[in-house]
There are 2 protein chains.
Amino acid sequence: MDLTKEVAENVKWLSNIGADPTGGTTRLLYSDFWLEAQNGVKQRLSDIGMVTSFDAIGNLFGRLEGSKYPTETILTGSHIDTVVNGGKLDGQFGVISSYLAVKYLKEQYGTPLRSLEVISMAEEEGSRFPFAFWGSKNLMGLAKKEDVSEIADFNGVKFVDAMRNAGFDFKDEEETLRKDIKAFLEIHIEQGNVLELENKSVGVVTSIVGQKRYTMILKGQANHAGTTPMKYRKDAIYGFSKICSQSIDKARLVGEPLVLTFGKVEPKPNTVNVVPGEVLFTMDCRHTDQNILNDFTAEIEEDMHQIADELGLELTVDLWMDETPIPMDKKMIEVIKNVAEKEGINYRMMHSGAGHDSQIIAPQIPTGMIFVPSIDGISHNPAEDTKLEDLVEGVKTMALVLYELAYVD
Amino acid sequence: MDLTKEVAENVKWLSNIGADPTGGTTRLLYSDFWLEAQNGVKQRLSDIGMVTSFDAIGNLFGRLEGSKYPTETILTGSHIDTVVNGGKLDGQFGVISSYLAVKYLKEQYGTPLRSLEVISMAEEEGSRFPFAFWGSKNLMGLAKKEDVSEIADFNGVKFVDAMRNAGFDFKDEEETLRKDIKAFLEIHIEQGNVLELENKSVGVVTSIVGQKRYTMILKGQANHAGTTPMKYRKDAIYGFSKICSQSIDKARLVGEPLVLTFGKVEPKPNTVNVVPGEVLFTMDCRHTDQNILNDFTAEIEEDMHQIADELGLELTVDLWMDETPIPMDKKMIEVIKNVAEKEGINYRMMHSGAGHDSQIIAPQIPTGMIFVPSIDGISHNPAEDTKLEDLVEGVKTMALVLYELAYVD
């Protein structure tokens, strides 16, 4: 098979389902386009001789029964949903790559010793409903009815109604978890610029960062910009600027893989001739080591309170996301690395700075992740792209790893 | 006359013309409420025996002819227009105070030696059309037809149509300026918190600050907050925060009367998990000394470029307002100060950090300004207020100064 041609055709085909007239793809959980995509993937999996099925909530599986160890399953895949006006690779390239890797292996080597399964997960982005990882959390028995029973999308459509309308429903909570899955492998675009800047085609993921997200409010006093002497001001944006510059200075000193971002800043009243009386801002901090993440954020929180006190400002801190770092499985990392070494693939070891389905699966199943570069680090955007040869290199790596896992005794 | 009762009644009456149902007053140039207010003031000036007239563009005058030096005119007043949802004192208290001071003087001392004129200026705020000081600039021959011939309000109504609709029109540009005005006196709320914090009833204004206003754009690169290592970032908000904190630190060191404000900050895309790729921000800097203002802003502009260079950011600087400081007339300051001393008025000398009609008039006519306190420094807001006894103290000071100017030989 011509892998380059297959990759190009499949990416084009799948990203076209839900394509926005203005560019990009919008394929939200349980929408018509979502259903069309899942059914399209189902057909393609079926066409290469896999036995296909949906679980209760809409995760799609294609299975190739193993000849020697049929009860040992090697699972591979990613998610089928996109963000609003998303790119053509996030999630869906993982589904396509798993499908093509299995297609290639079957053509080259026939039936595997262990069972091979491709999964096209229902949802990961949290972009229609305020709930993310619905696909992988259901797979791992971590989703609860009550998590979604009251939520609705931006048009007021309830999660439960959308799900049932698409022909799916809650899992039977009594259902026991599958014990046959011995490994999970996911490929994804990096969504950053490390591979590109360092001229690598493939990243071997060692862990997924933990992340904390905060919203802070600094309250001072709004005053006339001309008539209020500096000594009588309680300038919220001055407080923010001290916090932001000092914290990022410290983050740069701590060094990689720590990242710290002040992404949203909203002063009030936000006008040229009024001293800002209040500012709302967000902070996003990530690291692969829970202790370092905890210690660093504790230190800068303390700094913030000190700066606020010094300037007569009131600070409120709301930590609304606190996810622990998730290491990938040591043996899986070794397998991927060895394959890359042996085949002369231009790779590097790296962590993932973004969240992925693998972080939900890894605590229970040996999990490995492969990255391919993102041009200019862009993702969640119609401009999201990867050189075709890098995508092909990713599929090739995936196929070689699945060969090691499913075809070698 | 009961000055306290008169002040209270007049403020209530005038601020009621254009009162918003939700609080505050909106009385924009050439609106129906504006015309109602000017005609109301005209009536009250007429009722105390002043000869009233409008000039071509709608400045209202009330004149009391002097008995000995009728060709020497002492002018006093302020502006009648308000900002959208403004307070009950900005501008209009100046008109009321001038009217009541003249009423009091006439009742107490009869006809003045020099002519006394009250002016209710058409416009100062620039809150309906993008042009400010229309009243005082016309008075001083500084307004040009072409400044307003193309501008329109937020509803698309052209300046020229609004003016003609209200019954006014451009001045004859050949008209010579009045040579009879020997002094101008304006009273205004401070719009700051200095008098209140220092427990003073009256401020004697020594000068009006010069001000420079800028809009800056810092451009970096928007990146994923998780997947972009710190060393690969071009973080625009980090650049802003260094500029803001360092510049304000320096401004505080320079000391009074320098003020520096970063009032508007708009990062893009302004979301928690994206490194801001761009930030637009404003800077407002004021001082009473042109050299210090120039030197200080030149220094921090240089700092900004250096910070931008260090962080790999592009900086564009747009200086869109550059007004020179305007000193009040030395003799007028002396007269006001002497009156305050003699009468035991609780006053302080101070500069004005905000712009006023006096800054347009002062370069050509000896001009003095009196401030009364603003509670909590609030203005341009329905909560704008001043203790009644301070308003009365202001009117009293004004009357005593006008007495010195118009009744003493």
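In what follows, chains carry the letters A, B, and so on, assigned in the order in which the sequence lines appear, proteins first and then strands, with residues in each chain numbered from 1.
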Taking every non-hydrogen atom, the tightest pair across [X] and [Y]:
{"X": "Leu315(B)", "Y": "Met304(B)", "result": "CD2-CB, 3.6 Å"}
{"X": "Val205(B)", "Y": "Met328(B)", "result": "O-CG, 3.4 Å"}
{"X": "Gly277(B)", "Y": "Pro269(B)", "result": "N-CD, 4.5 Å"}
{"X": "Asp385(B)", "Y": "Lys88(B)", "result": "OD1-CE, 3.2 Å"}

Measure distances from [X] to the heavy atoms of chain A and classify the residue's part below 4.5 Å as side chain, backbone, both or neither.
{"X": "Gln211(B)", "answer": "neither"}
{"X": "Ser379(B)", "answer": "side chain"}
{"X": "Asn381(B)", "answer": "neither"}
{"X": "Thr261(B)", "answer": "both"}

What part of [X] gets within 4.5 angstrom of chain B, counting heavy atoms only: side chain, backbone, both, or neither?
{"X": "Asp376(A)", "value": "backbone"}
{"X": "Ile237(A)", "value": "both"}
{"X": "Asn223(A)", "value": "side chain"}
{"X": "Pro229(A)", "value": "both"}
{"X": "Val259(A)", "value": "both"}
{"X": "Thr271(A)", "value": "backbone"}
{"X": "Ile378(A)", "value": "neither"}
{"X": "Leu311(A)", "value": "side chain"}
{"X": "Lys268(A)", "value": "neither"}
{"X": "Asp235(A)", "value": "side chain"}

Mind ranking [options] by heavy-atom pairs under 4.5 Å with chain A and telling me who comes out on top?
{"options": "Ile248(B), Thr228(B), Thr215(B)", "value": "Ile248(B)"}
{"options": "Val275(B), Val209(B), Leu197(B)", "value": "Leu197(B)"}
{"options": "Leu258(B), Thr227(B), Asp249(B)", "value": "Thr227(B)"}
{"options": "Val279(B), Leu260(B), Val274(B)", "value": "Leu260(B)"}

Is there side-chain contact between Tyr238(B) and Phe262(A), with heavy atoms separated by less than 4.5 Å?
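Tyr238(B) vs Phe262(A): side chains apart.
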Any side-chain heavy atom of Thr22(A) within less than 4.5 Å of one from Asn85(A)?
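Yes, side chains in contact.
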Can Glu314(B) and Lys234(B) be said to form a salt bridge (Lys or Arg N to Asp or Glu O under 4.0 Å), step by step?
CA-CA 10 Å; Glu314(B) 268 178 64; Lys234(B) 292 179 179 176; over 6 Å; no
Between Ser374(B) (side chain only) and Thr386(B) (backbone N and O only), is there a donor and an acceptor less than 3.5 Å apart?
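Not at all, since once roles are kept as given, no pair shorter than 3.5 Å links the two residues.
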Evaluate salt bridge (Lys or Arg N to Asp or Glu O under 4.0 Å) for Asp303(B) paired with Lys250(B), printing each intermediate quantity in order.
CA-CA 11 Å; Asp303(B) 290 347; Lys250(B) 284 196 176 183; 2.8 Å; yes
With a 4.5 Å cut-off on heavy-atom pairs, point out which of Arg233(A), Glu266(A), Glu256(A) contacts chain B the most.
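Most heavy-atom pairs under 4.5 Å with chain B: Arg233(A).
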Among the listed options Val194(A), Thr282(A), Asn193(A), Val272(A), the residue most often paired with chain B at heavy-atom distances under 4.5 Å:
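Result: the option with the highest number of such pairs is Val272(A).
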Out of the candidates His188(B), His79(B), His351(B), only one should pair with His356(B) under the ring pair (Phe, Tyr, Trp, His ring centres under 6.0 Å) rule; please name it.
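The single option meeting the ring pair (Phe, Tyr, Trp, His ring centres under 6.0 Å) with His356(B) is His188(B).
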So, applying salt bridge (Lys or Arg N to Asp or Glu O under 4.0 Å) with Arg213(A), which one of Asp322(A), Asp318(A), Asp284(A) is it?
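Running salt bridge (Lys or Arg N to Asp or Glu O under 4.0 Å) over Asp322(A), Asp318(A), Asp284(A) with Arg213(A) returns exactly one hit, Asp284(A).
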His380(A) and His224(B): CA distance, side-chain angles, deciding distance, side chain to side chain contact (heavy atoms under 4.5 Å, CB included) verdict
CA-CA 9 Å; His380(A) 285 191; His224(B) 191 294; 5.8 Å; no
